[in-house]
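Quick note on labels: first sequence line is chain A, next is B, and so on, each numbered from 1.
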Number of protein chains: 2
Amino acid sequence: MGLRELKRERTRRLIADKAFELFCHRGFGRTTVEQIAAAAEVGPSTLYRYFPTKETLVLEFVEDCLMGAVVWFRGQPPVDLPDGLQAVIEHVLEELERNPDRVRAVYEMADQTPSVSAHLQELIWRFREELTEELVRRLSGPDPQLVEFTAALSAGSAMNIIETVVRMWVENPDGVEVKELARRAMSLLRGGGLPAPGDNAGHGL
Amino acid sequence: MGLRELKRERTRRLIADKAFELFCHRGFGRTTVEQIAAAAEVGPSTLYRYFPTKETLVLEFVEDCLMGAVVWFRGQPPVDLPDGLQAVIEHVLEELERNPDRVRAVYEMADQTPSVSAHLQELIWRFREELTEELVRRLSGPDPQLVEFTAALSAGSAMNIIETVVRMWVENPDGVEVKELARRAMSLLRGGGLPAPGDNAGHGL
DNA sequence: TCGATTTTGATAGTGACTACCATATGACTG
DNA sequence: CAGTCATATGGTAGTCACTATCAAAATCGA
């Protein structure tokens, strides 16, 4: 629209990029907000108007991937529940795979800095909440509590699969094919959250 | 043991209790660490020696329940994977149900304060990590990557069920029976993370 | 009781974050 | 183009969580 929105987006991107740059170079803990503001050539108060906390500067990309997938799913036509979950999972993974370095950097910072890890996990749970809400909207059933329950568990399964696949991918970038892992996870999800009775069950514990 | 360990545990409990009291009375954000230290009649530095962050003062109880269940499970004899997960889930839920008010208070604070929510979610993920580690130790298989994958997904399913049940219980304390919800979740887990094909599948989405 | 170890409390300091205000800048009207 | 309004910005001052350090006090072993 106007020139205002343009500059807003521009400075927002500038701040986030400079922040990520500094975080990768000096580490999250060794970088002060003041330094980021100086690098982006804005005042600290301006920075805080765009990003409420230091952690959001790190997690914006992941947040866009997760929440974007929910928004995308909201616009999709009705499908079966397993198909819908699979679609959401694949959508998220494809978006994340678009910037492998950024994903790895985020998880690295989360491993080193507890507060980043905490905010990352909270972001993932918020994704589950949003997805649950959408599933409830789509599901129908006589018992509303059962619908809520099923939706929450299903969304949680999707979250679970995404986190597991991404975590294994991050920890072993070259030895793991996201597509292959996702495919295995899909079959586990469809057959059940656990190894199916006739499959690889019977594992002694 | 000695008098030292005794006093240590005593002051630790004292600080945590006074903190929880103040949090419930004035709210998490309106209570300063200095006030907590004063209420427990210790210096702020002493408080920080026992609790690294303000949030840990809120979450100690939940952490004990979750991590205690993993430790308990570690001492259990080998069982089938679904049975083991069910046992862990029930153990956690029973421990949480022992102090309903405390659980509700924690979730209330988490809903009001983002940082508390973030640390709660991170705690839950740490529970998943610990459980995954124990499952890997117990599981056997030719492909170590598949073992890791199965363990992580299974532990995630347990985490998912616990969080879903507890959340519904907290949001509707009188209308939800934890035992009943847990039973439904168990059958969902055993039959699959999603409604089984012959059960309540076919929901339009 | 004496010496070694641990626990405590106080002090000073860093840095994230907030509230507030004066200024500047893009947007709309005559 | 001039004037006016809404919004964005930067600076200041302040709160509070948290850290580092160190001397004093409490506890333990002999």
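Comparing dA6(D), dC18(D), dA26(D) by their nearest atom to the side chain of Arg4(A) picks out dA6(D). The side chain of Val42(A) has dG10(D) as its nearest neighbour among dG10(D), dC28(D), dT18(C). With dT8(C), dA27(C), dA10(C) as the choices, the nucleotide that has an atom nearest any side-chain atom of Ser45(B) turns out to be dA10(C). Closest to the side chain of Leu3(B), out of dT8(C), dC28(D), dG26(C), is dC28(D). Of the listed nucleotides (dG26(C), dA26(D), dG9(C)), dA26(D) has the atom at the smallest distance from the side chain of Lys7(B).
Ring geometry for His91(B) against Trp72(B) counts as parallel: the plane angle stays under 30°, on a 0 to 90° scale with 60° as the upper cut.
For dT8(C), one of the phosphate oxygens OP1 or OP2 lies less than 4.0 angstrom from a side-chain nitrogen or oxygen of Tyr50(B).
Remark: P of dT7(C) and CD of Glu5(B) are 8 Å apart, rounded to the nearest angstrom. The nearest whole Å value for the distance from the CG atom in Leu57(B) to the C1' atom in dC18(D) is 13 Å. Distance, Lys54(A) NZ to dG15(C) P: 9 Å, rounded to whole Å. Taking atom OH of residue Tyr48(A) and atom C1' of nucleotide dT18(C), one finds them 10 Å apart after rounding to whole Å. Atom CZ of Arg10(A) and atom P of dT25(C) are 16 Å apart (whole Å). Note: CD (Glu55(B)) to C1' (dA17(D)) measures 9 Å, nearest angstrom. As rounded to whole Å, 15 Å separates atom C1' of dT8(C) from atom CG of Leu14(B). The nearest whole Å value for the distance from the CD1 atom in Ile15(B) to the P atom in dG9(C) is 9 Å.
With sequence neighbours excluded, the residues forming a side-chain contact (heavy atoms from CB on, under 4.5 Å) with Asn99(B) are Phe61(B), Arg102(B), listed by chain and number.
Heavy atoms only, all atoms of each residue included: Gln35(A) and Thr31(A) are closest at OE1-CA, 3.5 Å.
With hydrogens and angles ignored, no donor-acceptor pair closer than 3.5 Å exists between the side chain of Arg49(B) and the base of dT19(D). Side-chain to base pairing of Arg8(A) with dG26(C): no donor and acceptor N or O lie closer than 3.5 Å to each other.
Each of Pro44(B) and Thr53(A) has a nearest nucleotide on DNA chain C; the 5'-most of these lies closest to Pro44(B).
Contacts with DNA chain C (heavy atom under 4.0 Å) in residues 20-35 of chain A: Thr31(A), Thr32(A), Val33(A), listed by number.
Taking the charged nitrogens against the carboxylate oxygens, Glu95(A) and Arg98(A) do have a contact shorter than 4.0 Å, which makes a salt bridge. In this structure, Arg126(B) pairs ionically with Glu63(B), as a charged nitrogen and a carboxylate oxygen lie closer than 4.0 Å. By the 4.0 Å N-to-carboxylate-O rule, Arg137(A) lies close enough to Glu134(A) to be salt-bridged with it.
Distance alone, capped at 3.5 Å, places no donor-acceptor pair between the Thr113(A) side chain and the Ala110(A) backbone.
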